[in-house]
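These notes concern the structure reproduced below.
The first residue of the sequence shown is numbered 1, and numbering continues consecutively from there. For ligands, and for the atoms within them, numbers begin at 1 and follow the listed sequence.
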Amino acid sequence: MNYTFPVTRTTNPKQKPDPDHLHFGQDFSDHMFIMDYDEGQGWHDGRVIPYAPIAIDPASCVLHYAQMIFEGMKAYKTPDGKIRLFRPYENAARINRSGARMCIPPIDEDLFVSAIKAVVMADVDWVPDRPGTALYIRPFIIADEVSFSVMPSKHYHFIVILCPSGPYYAGADGKLGTTKIYVEDEYIRAAHGGTGFTKCGGNYAGGMKASEKAAAANCRDVLWLDAAEHKYVEEIGTSNAFFQIGDEIITAPLAGTILPGITRNSVITLLKDWGYKVTERKLAIDEVYAAAEAGTLGEIFATGTAAVISPIGLLSYKGKEIIINNNEVGALEQRLYDTIYGIQTGTAEDPHNWGMTIG
Ligand SMILES: *Cc1c(COP(=O)(O)O)cnc(C)c1O
């Protein structure tokens, strides 16, 4: 089912950023979607309005106890000018799983996807078309009941904002590059029974300290280890991690402490389609280092909406560095990137019907 919403267009359109020098999360489009939730009434009054600051009472629940969740997805332009989303119902399902954990009321999946379509189509001329670029979509829900009791809010706003984003890698031609990753052995991200599987704001605030350590070690991101033993690899920053050892490709299992990435799921599906042995299991960082020593370590890469595939060229753990795959982009990484990015932009065959053309 497709919902429709009233659209109030801006009378003051912004200057669009230079399409050859797009940043991430700095320039926002002309419109946003906003919808209210009231206890007893449910979600109501979805609408597209001009992008603007929102008024929020300083005593709102979200500002003190961080009752909020978000999603991250993209709209892509095809070579013939059409607009596509990638598996948007997966984002709808995930925001509701996050919401169930954070006591935030669910949004009907059709309503969620209709809201995304409505705001993207209101700002359709903001979808960039250079290789590797896309319109990043940030849906989020904040608890804005005025109350200091540590209880689920009775009022929420669901908001969707959009920002054109450039290619993840410096060489603006959309070509992949390798990154250095810092294996964090002190701080942890998520424990069993916690909120690791949700996109809730607090998970990311708690990770910033480790990101600072990674940057100080000249690394781009953090590879988290499990909270109980600081032994098993979990995920990398805001992406999931895959390790090729011998003829096996390993990624951490969905046991509640990692984010169930939609790119992760797509990669597992494609690898199985292609006849690879993919295993979701616990993998000790020591096993990765031993494989490097033994010469059986293949490619290591991160997967997520931002970069699709991010090849890792170096790991740094307790002061010991290993070089992965000669610090080069691997054949498998390139094939996965080309296939998924091709499906997203409508240039590759889409056997699982992951792409959704919306305009
Ligand atoms: C969003 C996110 C991912 C990747 O999810 P995708 O759906 O593939 O974009 C992985 N880990 C964390 C912590 C995330 O926030």
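The aromatic rings of Phe301 and Phe242 lie parallel to each other, their planes meeting at an angle below 30°, with 60° marking the opposite boundary.
The contact shell of ligand 1, taken as protein residues with any non-hydrogen atom closer than 4.0 angstrom, comprises Arg94, Arg189, Lys199, Tyr204, Glu235, Gly237, Thr238, Ser239, Asn240, Leu259, Gly261, Ile262, Thr263, Gly304, Thr305.
When the shell of 6.0 Å around NZ of Lys14 is examined, it contains more than 12 heavy atoms from other residues, nucleotides or ligands.
The side-chain heavy atoms of Pro17 and Pro164, taken from C-beta on, include a pair separated by under 4.5 Å. Residues Val288 and Leu297 form a side-chain contact, since some pair of their non-hydrogen atoms from C-beta on lies under 4.5 Å apart. Using a 4.5 Å heavy-atom cutoff, the side chains of Met151 and Glu145 are not in contact.
His31 approaches Thr8 most closely through the heavy-atom pair CD2-O, 3.6 Å.
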